[in-house]
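Read the structure below first, then the notes.
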There are 2 protein chains.
Amino acid sequence: MTASDTAAPKRVTRRRAQTRQRLLDAALEVFAEEGFGRSTVDQVCERAGYTRGAFYSNFTSLDELFLAMWEQRSGAMLDDLREALQRLGTLESVSPDEALRAVLDAVPIDDAWYRVTAEFTAHALRNPSLRRVMAAREEAIHDTLLPLVEAALVRAGRRVTDRTGLGHALVAVHDGTAVQCLLEPDDEAVRQRREELFRHVVNAYSSAYSTAYSTQSEGALDE
Amino acid sequence: MTASDTAAPKRVTRRRAQTRQRLLDAALEVFAEEGFGRSTVDQVCERAGYTRGAFYSNFTSLDELFLAMWEQRSGAMLDDLREALQRLGTLESVSPDEALRAVLDAVPIDDAWYRVTAEFTAHALRNPSLRRVMAAREEAIHDTLLPLVEAALVRAGRRVTDRTGLGHALVAVHDGTAVQCLLEPDDEAVRQRREELFRHVVNAYSSAYSTAYSTQSEGALDE
DNA sequence: GCCGTTCGATACGCGAATGTATGGGATACA
DNA sequence: TGTATCCCATACATTCGCGTATCGAACGGC
């Protein structure tokens, strides 16, 4: 263990970045299949096409890999969501239903990702620093989501009455209904109930405004 | 390995029942603290005050113990909920808010239990037979919850418009908001938003009826 | 193409967890 | 109280996963 070993690499090769990414991708697959707790370093390496040497050269523990992978993936999903909402903002006019569909399509219900997230959440509830990471992520979701959702709703003829309430409600409803959809993947009714619940929530946290869509949609939203 | 070894015990002593129960209790604690995947047979046994001999005499694997424990605990929670709702049904008259409070109090947000459930859910999504177990449990929740909730709502001056929709919505909202409460345990606002969301949902899936509480509560529920 | 640096494969030792086989003490029942 | 049965502790062999140390090969700069 000389000084050069502990020193940070002067130049990071592109090969390194690639292996790191492959390990991150493999981690998602393995964790989803085996569960994080039951996964081993060997399994991840084998899936990625490496041996343990590559792993310990890039990460210090499975925990670190788990965190890095989760942050990368959830960040990517947030980017997708942001993009979808911004695209929505460029359109001429949007009905509430169309807007809802667009948002729900931007956040697909992926069982592999859900399993990983569920375990990450449980893990975070045991670890204060991880809990802060998750809380920060939720904060970021709100910061991204709320202005764009609010804008979309205004364009659809609705004014948001409780911003933070709506934000938390949307996240909670998403999480809660995602499980139901995954537990009964073949039951179309579950997905319809999910959409219905979203409509109710959006309706509850916003009030009608006078616009082309407002009168037409009120009938569909209220009952 | 003689015939008597493989044969089922003729008489089951009360000691056996006790150790089995202690193992189940210890499992909840250990799984909550360490995570199911990271837990070992030894840890559970030590926590329960036994050695591995006791474990392998009662269960064949950690998976089996996990399932048994989860079924017992979730069954007990369902019993609590049923009892609370039935007690609610014996009261003279109840306001919607009081009813909601009673139900929420009957299903306390326990972080240890949540962690375990999160991991069990992820586990169930990997295992078809476990998935059926969870689906059946959700079915049972609905069967218990709906008639009693509906009755309580009627007594509070509200008629349910979509039974199954309400049932699934309540479960989803509970699950989704429970995480938020656990991630920010000291933030009272999160809990208030949770209650608020429940009110909105109950309101959305039921319509006012003419009763003592109906006019009074409409103002609080609708806006 | 040469050379210094970085990256990842291989080999090694260690500790931990598993499942089984067996024996002694506890328990139920007469 | 005696005894047949049951239940759990103990000991053992084995397998598995981890982390490190070392070395050849790939890489990037010149």
Side-chain angles (χ1 to χ4, degrees), chain A residues 1-27 29-69 119 123, chain B residues 1-27 29-69 119 123:
Chain A
M1 188 176 290
T2 67
S4 65
D5 288 343
T6 56
K10 283 128 221 249
R11 51 185 186 193
V12 175
T13 63
R14 69 189 69 166
R15 173 168 66 139
R16 189 175 184 75
Q18 186 183 18
T19 61
R20 187 184 160 87
Q21 187 56 49
R22 284 186 181 165
L23 285 171
L24 288 166
D25 293 344
E29 297 178 20
V30 173
F31 292 170
E33 286 177 20
E34 305 286 329
F36 169 63
R38 290 255 189 271
S39 300
T40 68
V41 176
D42 276 318
Q43 286 174 320
V44 174
C45 292
E46 192 182 6
R47 177 69 62 106
Y50 296 96
T51 64
R52 286 214 310 291
F55 175 84
Y56 285 107
S57 171
N58 280 277
F59 303 94
T60 65
S61 66
L62 267 190
D63 269 70
E64 186 183 314
L65 172 62
F66 196 18
L67 173 58
M69 182 270 282
E119 260 188 290
H123 202 51
Chain B
M1 190 177 290
T2 66
S4 65
D5 288 342
T6 56
K10 285 130 221 257
R11 53 186 184 193
V12 176
T13 63
R14 70 188 69 166
R15 175 170 62 138
R16 188 175 184 75
Q18 185 182 5
T19 59
R20 185 184 161 88
Q21 187 56 48
R22 284 186 181 164
L23 285 171
L24 288 166
D25 294 343
E29 298 178 20
V30 173
F31 293 170
E33 286 177 19
E34 305 286 329
F36 168 63
R38 291 253 188 270
S39 301
T40 68
V41 176
D42 276 319
Q43 286 174 320
V44 174
C45 293
E46 192 182 6
R47 177 68 61 106
Y50 296 95
T51 63
R52 285 213 313 290
F55 175 83
Y56 286 106
S57 171
N58 281 278
F59 304 94
T60 65
S61 65
L62 268 190
D63 269 70
E64 187 183 312
L65 172 62
F66 195 18
L67 173 58
M69 182 269 281
E119 258 186 292
H123 202 50

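Just so you know, these numbers come straight off a predicted model, no measurement behind them.
As a whole-Å value, the separation of B:Tyr56 OH from D:dT10 C1' is 15 Å. As rounded to whole Å, 14 Å separates atom C1' of D:dC18 from atom CG of A:Asp63. Across the protein-nucleic acid pair, B:Gln18 atom CD and D:dC8 atom C1' stand 13 Å apart, rounded to whole Å. Regarding A:Leu62, its CG atom lies at a distance of 12 Å from the P atom of D:dG17, rounded to whole Å. Between B:Leu65 atom CG and C:dT18 atom C1' the separation is 16 Å, expressed in whole Å. Atoms CZ (A:Arg16) and C1' (D:dA25) sit 16 Å apart, rounded to a whole Å. In this structure, A:Glu64 atom CD and D:dG19 atom P are separated by 12 Å, rounded to whole Å. Here D:dG17 presents its C1' atom at 14 Å from CZ of A:Arg38, a figure rounded to the nearest Å.
Few gaps surround CD on B:Glu64; more than 12 heavy atoms of other groups in view lie less than 6.0 Å from it.
Residue B:Tyr50 places no side-chain N or O under 4.0 Å from the OP1 or OP2 atom of D:dC8. A:Asn58 has a side-chain polar atom (N or O) that falls below the 4.0 Å cut-off from OP1 or OP2 of C:dG8.
The nucleotide whose nearest atom lies closest to any side-chain atom of B:Arg52 is, among D:dC8, C:dG19, C:dG8, C:dG19. Comparing C:dT27, C:dT10, C:dA17 by their nearest atom to the side chain of B:Thr40 picks out C:dA17. Proximity note for A:Ala54 (side chain, C-beta onward) versus C:dA17, D:dT20, C:dA9: the nearest is C:dA9. Residue B:Thr13 has its side chain nearest to C:dA28 when only C:dT20, C:dA28, D:dC27 are considered. Checked against C:dT27, C:dG8, C:dT18, the side chain of A:Arg15 finds its nearest nucleotide in C:dG8. Comparing C:dG25, D:dA11, C:dG8 by their nearest atom to the side chain of A:Ser57 picks out C:dG8. Among the nucleotides C:dA28, D:dC18, C:dG19, the one closest to any side-chain atom of B:Arg14 is C:dA28.
Ion pairing between a basic and an acidic side chain is recognised when a charged N comes within 4.0 Å of a carboxylate O; B:Glu33 and B:Arg47 show such pairing.
Residues B:Glu34 and B:Thr40 fail the side-chain proximity criterion, which asks for heavy atoms closer than 4.5 Å.
Between the side chain of B:Arg22 and the main chain of B:Ala48, no donor-acceptor pair closer than 3.5 Å is present.
Smallest separation of non-hydrogen atoms from A:Val44 and A:Val30: CA-CG2, 4.1 Å.
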